Protein chains: 2
Amino acid sequence: MTHTRTRLERGRNALGPALELVHTGRAPTRAVLTTALGVTRATAGAVASELQTLGLITVDSRPGGATGSHGRPSHRLAIDPGGPVALAAQVHADGFRAALVGLGGRLHATTPACTTVAADPKQILGEVVAAGADLLRETGRHCVGAGLAVPSAVAEPEGTALNPLHLAWPAGAPVRDIFNECLAEAGITAPGYCGNDVNLAALAEHRHGAGRGAAHLLCVATGHRGVGGALVLDGRLHSGSAGLAMEVGHLTVDPTGRPCHCGSRGCLDVETDPLALLEAAGRTPGPEGSLLDQARDLLRAEYATDPAVRAAAHAVIDRLGLGLAGLVNILNPDRIILGGLHRWLLEADPQRLRGLVETRSLWGRSGTVPVSACVLDYNSLVGAAELAWQPVLDDPLAALPT
Amino acid sequence: MTHTRTRLERGRNALGPALELVHTGRAPTRAVLTTALGVTRATAGAVASELQTLGLITVDSRPGGATGSHGRPSHRLAIDPGGPVALAAQVHADGFRAALVGLGGRLHATTPACTTVAADPKQILGEVVAAGADLLRETGRHCVGAGLAVPSAVAEPEGTALNPLHLAWPAGAPVRDIFNECLAEAGITAPGYCGNDVNLAALAEHRHGAGRGAAHLLCVATGHRGVGGALVLDGRLHSGSAGLAMEVGHLTVDPTGRPCHCGSRGCLDVETDPLALLEAAGRTPGPEGSLLDQARDLLRAEYATDPAVRAAAHAVIDRLGLGLAGLVNILNPDRIILGGLHRWLLEADPQRLRGLVETRSLWGRSGTVPVSACVLDYNSLVGAAELAWQPVLDDPLAALPT
DNA sequence: GTAGTTTGTTTATTGAAGTCACAAAGCCAG
DNA sequence: CTGGCTTTGTGACTTCAATAAACAAACTAC
């Protein structure tokens, strides 16, 4: 039916904020949308109707919904599972992976983990984009854009990878341009965006995972080597003036510790990464599995039984706690989430780590910061997709055809 | 004349952004306002006209302005020097001061520095508010609000001073409530706001001083003792989720350094404050003048001549450089400004400090962060006034009578 | 003087959101 | 099961900030 409703056009209207609320699961009904947007029911209805005709959300008008309260039951708003998708790609030390991610952080399809590595970014990105293009072909879905997560700081606005050490790529490689080249060659006309993997993981966790609702979210995580950090402020990734913020790996956490490639010693980066734990426990890294997996398995299998493992874990936890406390003093987040090895360290002894953060931060007594683990599978991939979705969230009518 | 122009009402319109542009000196003419707001000339004209009738800005339509280019010369927009003011107050270790500050960061009147100190916040705040009320009476100006700068972290939303060590106040004192009480008792009905002095200095410098135009401004400064930090992101003070961010004083800058009251050793706080410099130079703090003044005078008088002073300054500069580099890695600011002793250290040897920040930060080669000194007199007072002005900048029609 | 350029104003129009009234769809008490 | 109460959703009209388009004003350059 053609409504006599207000028709919305692109630009300054409530469509973007409304879609973001549904996207992040904060607007299950039109009624909630009304209060969350601070508009009238009429406006919220018009906005929801428009998002529906755009094919982005569904409105379930069946009665049966458990109301829980008096009054007319509200219709459920949900992301349209048949809607468009974003192409997400991730490259890391051991290979790459591609996926299709819809609104709401929903994974529609993923390729299996691929273990190809190469010193030429073009080659790897070509392969991962080709894998993603296959997924798009198979599913026949409309693609709104593409996002790429890399284990390196990505300089903005250039889109260059400044320290892709673990990929053996040349420093300063123009990953975003190369990514867009590969997209064009694969016949994908949507724009491509790039970001640091930990940053994107934090963004994904903020919108769909353990960071939901946090106003100032701090995320610290190890990859297979090294430590990364990320900060999400008021829903936006804080990546600094040039995209280079939150390189937290070189906070000093042990003045007498091992030397770091940055020239200092005892950096968070070398004191709390998987290799540090393995070495502290007196284990030699094996050839099978990533260092991260070996460290996790060591913690899970022997933390409870082997005093040496326990002592090693405690030492690493203590240094991590010191680093987190320092970050708390500087950033005053209202939530901390941990990924990679840090997540498993928290799992091994949550009391020890949380206690340290509390006692070593200056405001420990004025309110403890909750420390928890990342919860999303493939959070870097989901975060990469968020980059591609962002223009749609900012202005759905301008970003989508029709 | 009554215009047939669009009349603006309170709420979502361009009045606030427009006033902010004039306030920060970024909109000298209607033409610039037009492009900066991204609106049409008609809208900019209506907005300027409205701000003029509110008594906030003046429009100088005299022809003589040096145009410098072709076309019709534009009328100058300026803050109305006869407009309302904000009451600004500052308390510090050696006393207090009050001032009246107009839009544009313009100091209209200040009390002389007063040297009363007391362990009772109510007493001191009563005196400073009374001094401010005198200024208001003398000038007969309308007061839009009041701001207070204190040398302590101020918890939000409680408005309590968590570590007013240098005031000898009780930790957790509800300064904002006390401030508002004192305002009410002095017959000032305007609302009162409180903030940390370094934070407010950074805000003032960002809007009217050395930080203008910086998207991510980092400010580090000493008071008479200790070190404070502040971060202004996209024009807004980043004070963390609870107002407690940027306590940068406890970054480790010398693992073998002197013990700090935080339990660690070699913290920025104790290694780069005025006392640290005096001690490193082998001087005993004298009874006259603040430690800050003594340290400044030492640098100015003897840095060039006394090798011991030079060596001491270099040692402190080196530690400051290390601390700043650490902050650069975490925050990736696009400008750094220094206040207090740090400003004088920069003055003493700018090359040494800037070189350190560059070489010790991870991205030194990818673009150096400019390091400069604060330039505003009374920047904490001006920043305190900014707090009071903020509601007016957000919505002039709602915040002002008529 | 004339052409070209930029700034400012006026009039009419647009479009997102608000107001208000009413309908729909559930609870609950009698 | 009927009528009161509450909440949600929709349609008609209104509001008002901003736009578009035309015009006027004030300068520079030739």
Side-chain angles (χ1 to χ4, degrees), chain A residues 1-19 27-53 57 59-77 395-398, chain B residues 1-19 27-53 57 59-77 395-398:
Chain A
M1 283 301 299
T2 56
H3 299 268
T4 57
R5 248 184 197 170
T6 308
R7 297 290 310 178
L8 302 175
E9 303 206 343
R10 67 188 55 181
R12 233 177 318 179
N13 56 34
L15 271 186
L19 181 58
T29 69
R30 270 185 275 235
V32 176
L33 195 60
T34 300
T35 58
L37 288 175
V39 297
T40 60
R41 289 202 300 275
T43 308
V47 164
S49 159
E50 188 68 36
L51 291 175
Q52 194 180 11
T53 63
I57 71 169
V59 178
D60 182 359
S61 50
R62 285 172 311 173
T67 58
S69 76
H70 300 239
R72 173 176 174 175
S74 42
H75 302 167
R76 312 293 303 177
L77 303 181
D395 189 344
L397 279 162
Chain B
M1 283 301 300
T2 57
H3 299 268
T4 58
R5 249 187 197 165
T6 308
R7 298 290 311 179
L8 302 175
E9 303 204 344
R10 68 186 54 181
R12 231 177 319 179
N13 56 35
L15 273 185
L19 181 59
T29 69
R30 271 186 274 237
V32 175
L33 194 60
T34 299
T35 58
L37 289 175
V39 297
T40 60
R41 290 201 299 276
T43 309
V47 163
S49 160
E50 188 67 36
L51 291 175
Q52 194 181 9
T53 62
I57 71 170
V59 178
D60 182 359
S61 51
R62 283 173 312 172
T67 58
S69 76
H70 298 239
R72 174 176 173 175
S74 41
H75 301 167
R76 313 293 302 177
L77 302 182
D395 190 345
L397 280 162

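Since the structure is predicted, the reported quantities are computational estimates derived from the model, not experimental observations. Within every chain, numbering begins at 1; the chains are lettered A, B, ... in the order of the sequence lines, protein sequences first and strands thereafter.
Dashed line: the shortest gap from a side-chain N or O of Arg41(B) to OP1 or OP2 of dA21(D) is not under 4.0 Å. Residue Thr40(A) places none of its side-chain N or O atoms closer than 4.0 Å to OP1 or OP2 of dA17(C). Between Arg30(A) and dT8(D), a side-chain N or O to OP1/OP2 separation shorter than 4.0 Å is absent.
Regarding His70(B), its NE2 atom lies at a distance of 8 Å from the P atom of dT6(C), rounded to whole Å. Whole-Å rounding puts the His75(B) NE2 to dT9(C) P distance at 7 Å. Regarding Gln52(B), its CD atom lies at a distance of 12 Å from the P atom of dG8(C), rounded to whole Å. Rounded to a whole Å, the CG atom of Leu397(A) is 12 Å from the C1' atom of dA16(C). Rounded to whole Å, the distance from CD on Glu50(B) to C1' on dT9(C) is 16 Å. One atom, CG of Leu77(B), and another, C1' of dG8(C), lie 12 Å apart when rounded to the nearest Å. Nucleotide dT9(C) holds its P atom 12 Å from the CG atom of Leu33(B), rounded to whole Å.
Side-chain proximity of Leu8(A) to the nucleotides dA16(C), dG8(C), dC28(C) is greatest for dA16(C). Residue Ser74(A) places its side chain closer to dG9(D) than to any other of dG9(D), dT19(D), dA25(C).
Nearest-nucleotide assignment on DNA chain C puts the 5′-proximal partner with Thr34(B), out of Thr34(B) and Leu15(A). In terms of position along DNA chain C, the nucleotide closest to Thr29(B) lies nearer the 5' end than the nucleotide closest to the other residue of the pair Thr29(B) and Gly38(A).
The CG atom of Leu19(B) sits 5.5 Å away from the CG atom of Leu51(B) when rounded to the nearest 0.5 Å. Interatomic distance, Arg41(A) CZ to Arg30(A) CZ, rounded to the nearest 0.5 Å: 11.5 Å. How far CG of Leu8(B) is from OG of Ser49(B): 8.5 Å, rounded to the nearest 0.5 Å.
In terms of heavy-atom proximity, Ala27(B) sits nearest to Leu33(B) at CB-CD1, 3.7 Å.
Among the protein residues, Ala14(B) comes within range of the sugar-phosphate backbone only, with heavy atoms under 4.0 Å from sugar or phosphate atoms but none that close to a base.
If you check distances only, the side chain of Arg72(A) never reaches the base of dT7(D) with a donor-acceptor pair under 3.5 Å.
For the side chain to side chain donor-acceptor pair (under 3.5 Å) test, residues two or more places apart in sequence or in another chain that qualify with Thr40(B) are Thr43(B).
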